[in-house]
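This report refers to the structure that appears directly beneath it.
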Amino acid sequence: MKFALPARLLRAVAAVGCSAGLLASCGGGTTHYEKFVPSRLIVFGDEYSALTDPKNSGNSYNYAMNAVDPTDSTNATVLCSDSSRYIWVQRLASYYGLVFKECNPNNLASSKLNALMQAQYGATERAVEAQVSAFQGDIGHDALGSNDLVTVWVGMNDVIEIYKDSVTYSSTVDKTTEAEARGERLARLINSITDTGARVLVAQVFEMGSTPWAKAQGTSEAKLMTSISDAFNQGLRTVLLNDGSKIGLLTFNDAIANLVQYGNYETTEAACDDAHVADIDNASADSNGYLDGSASLSACTTATVPNDSAAKKDLWVDGIHLNSYIAHSTLGNLAITRASSNPF
């Protein structure tokens with residue numbers, strides 16, 4: 001998939017002759033870096049990056065445990081603006097002063113809402129390809145360009161889908177080969193996005209075998225899921241044009257592994273109660289590449305967990321999803337560091 005470089009950008013490059021975003025200066029032989037500050041953030045991916053606002057109220061839900069509004073004594077109202085429960089892309093957007101329509105507590109005008117949420121629950125790699133195509137074809141906003149920062153995190157649902165499908169992928173080799181091929185396709189998509197001039201932060205899949213759901217399947221099954229995860233990342237890294245000038249690779253896999261092994265968090269149980277978790281056992285992908293089973297995970301809040309300790313000490317909110325308080329704060333900070341230090 002290729003996206004044409006906007007004509008206005010081509011004209012700008014031709015006129016200036018040397019973009020401020022390039023690594024080398026236009027003359028004098030002195031190399032310098034000019035910090036890239038995006039005017040928009042566009043988020044593609046699955047529920048690990050998604051905010052959903054079904055009431056169109058500007059007070060969104062996430063899939064990583066929501067904060068509740070302390071002014072509501074019934075604990076029935078979420079508070080998306082509680083920064084302690086931001087998901088990672090909210091932290092990144094906040095760093096640049098960008099606001100999502102889905103979480104707009106100050107009722108900013110639409111022209112001020114420059115963080116654009118495209119990620120959706122259950123997305124696989126092929127669904128993200130469609131997300132990007134739909135965004136580019138939407139005349140309601142500008143297409144991707146040189147002032148945009150794009151995030152892409154997907155693959156966790158691919159691992160689940162491939163692992164559970166032992167008809168199409170009957171052997172371990174079949175499963176890892178398919179996962180690697182999907183990682184390669186994602187890399188080609190990322191490379192094409194950079195053709196528009198946009199900068200991209202792309203995250204690697206974490207080891208799905210480390211999740212409570214995977215461990216419940218048994219040791220050998222958990223190892224298989226980790227192998228599938230690693231194969232997806234291998235395909236991604238092999239094809240990705242990662243020279244640092246256009247793409248920043250986020251090692252979320254290493255970050256989560258460190259939290260699991262050394263974070264002193266509870267890693268075997270789910271923080272959310274059984275009424276507010278995703279149905280992973282029965283999840284399957286539709287024709288558009290989205291896994292179902294979200295159930296009422298987005299309704300999990302700090303008021304629906306058994307106790308305060310679970311809300312702050314459990315790494316996982318259900319069988320595969322990460323706690324916003326712990327994991328997403330770590331991932332958000334990692335993304336900010338990479339975005340601000342990369343020579344974009």
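Heavy atoms only: backbone and side chains are in, while hydrogens, waters and symmetry mates are out. Owing to the predicted nature of the structure, the values given are computational and were not obtained by experimental measurement.
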Between [X] and [Y] (side chain of the first, backbone of the second, donor and acceptor by atom type, cut-off under 3.5 Å), is there such a pair?
| X | Y | answer |
| --- | --- | --- |
| D53 | S57 | yes |
| T304 | C300 | no |
| K175 | I162 | yes |
| N242 | R237 | no |
| N104 | G58 | no |
| S94 | Q90 | no |
| N333 | L92 | no |
| S324 | M65 | yes |
| K313 | N264 | yes |
| D314 | E266 | no |

Assess the pair [X] and [Y]: is the distance between their ring centroids shorter than 6.0 Å?
| X | Y | answer |
| --- | --- | --- |
| Y95 | W88 | no |
| W153 | F44 | no |
| Y290 | Y121 | no |

What's the spacing between [X] [atom1] and [Y] [atom2] if we round to 0.5 Å?
| X | Y | atom1 | atom2 | result |
| --- | --- | --- | --- | --- |
| S60 | L51 | OG | CG | 4.0 Å |
| M208 | I228 | CE | CD1 | 10.0 Å |
| N62 | C80 | CG | SG | 9.5 Å |
| S39 | L149 | OG | CG | 10.0 Å |
| T302 | D308 | OG1 | CG | 8.0 Å |
| L79 | T301 | CG | OG1 | 11.5 Å |

Just by distance, no angles: are the side chains of [X] and [Y] close enough, under 3.5 Å, to form a donor-acceptor pair?
| X | Y | answer |
| --- | --- | --- |
| R199 | N147 | no |
| Y163 | E221 | yes |
| D72 | T77 | yes |
| E47 | N157 | yes |
| D281 | W213 | yes |
| D230 | S227 | no |
| D165 | T168 | yes |

Distance-minimising heavy-atom pair for [X] and [Y]:
| X | Y | value |
| --- | --- | --- |
| C103 | V99 | O-CG1, 3.6 Å |
| V68 | A303 | CG1-CB, 4.1 Å |
| G319 | T211 | O-CB, 3.1 Å |
| A271 | A310 | CB-O, 3.5 Å |
| A127 | G289 | CB-O, 3.5 Å |
| S298 | T52 | CB-CG2, 4.4 Å |

Trace of the side chain to side chain contact (heavy atoms under 4.5 Å, CB included) decision for L41 with Y96:
CA-CA 9 Å; L41 174 67; Y96 287 113; over 6 Å; no
Sidechain N-carboxylate O distance under 4.0 Å for R185, E125:
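A salt bridge links R185 with E125.
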Any salt bridge linking E129 with R182? Criterion: basic side-chain nitrogen under 4.0 Å from a carboxylate oxygen.
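Salt bridge between E129 and R182, a charged N being under 4.0 Å from a carboxylate O: no.
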R126 vs E161, test: salt bridge (charged side-chain N to carboxylate O under 4.0 Å, His left out). Steps then yes/no.
CA-CA 12 Å; R126 62 188 182 279; E161 180 190 21; 3.0 Å; yes
Compare all side-chain heavy atoms of [X] with those of [Y] and state whether any distance is below 4.5 angstrom.
| X | Y | result |
| --- | --- | --- |
| I87 | Y63 | no |
| V128 | V152 | yes |
| L116 | V43 | no |
| T194 | L241 | no |
| T330 | L259 | yes |
| L322 | H328 | yes |
| L334 | T251 | yes |
| D286 | D292 | no |

Other residues, nucleotides and ligands only: do more than 12 of their heavy atoms fall within 6.0 Å of OH on Y169?
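Yes, the 6.0 Å shell around OH holds more than 12 heavy atoms from other groups.
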Around K101, counting heavy atoms of other residues, nucleotides and ligands shown, do more than 12 lie under 6.0 Å from its NZ?
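Counting neighbours around NZ of K101, 12 or fewer heavy atoms of other residues, nucleotides or ligands fall under 6.0 Å, so no.
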Tell me every residue that passes ring pair (Phe, Tyr, Trp, His ring centres under 6.0 Å) with F36, counting only those two or more places apart in sequence or in another chain.
F344
Honestly curious: do [X] and [Y] fall in one hydrophobic cluster under the side-chain, below-4.5 Å linking rule?
| X | Y | value |
| --- | --- | --- |
| V200 | V37 | yes |
| I256 | V317 | no |
| F100 | V78 | no |
| L186 | V239 | no |

Would H321 and Y48 count as a ring pair (Phe, Tyr, Trp, His ring centres under 6.0 Å) if you check the C-alpha gap in whole Å, the side-chain angles of each, and the deciding distance to 0.1 Å?
CA-CA 7 Å; H321 295 100; Y48 294 86; 5.1 Å; yes
Apply side-chain hydrogen bond (donor to acceptor under 3.5 Å, both in side chains) to residues E180 and T176 and explain how you reach the verdict.
CA-CA 6 Å; E180 186 169 359; T176 55; over 6 Å; no
Between D142 and R40, is the side chain to side chain contact (heavy atoms under 4.5 Å, CB included) condition met? List the steps.
CA-CA 10 Å; D142 289 339; R40 293 194 306 179; 4.0 Å; yes
In sequence, state the C-alpha distance, the side-chain angles, and the governing distance for F206 and W316, and then conclude on ring pair (Phe, Tyr, Trp, His ring centres under 6.0 Å).
CA-CA 13 Å; F206 61 85; W316 308 96; 5.7 Å; yes
Stepwise side chain to side chain contact (heavy atoms under 4.5 Å, CB included) test for I42 and F135
CA-CA 9 Å; I42 298 92; F135 184 88; 3.7 Å; yes
Begin with the C-alpha distance, continue with both residues' side-chain angles, and end with the deciding distance and a verdict on side chain to side chain contact (heavy atoms under 4.5 Å, CB included) for N342 and I247.
CA-CA 8 Å; N342 246 46; I247 297 171; over 6 Å; no
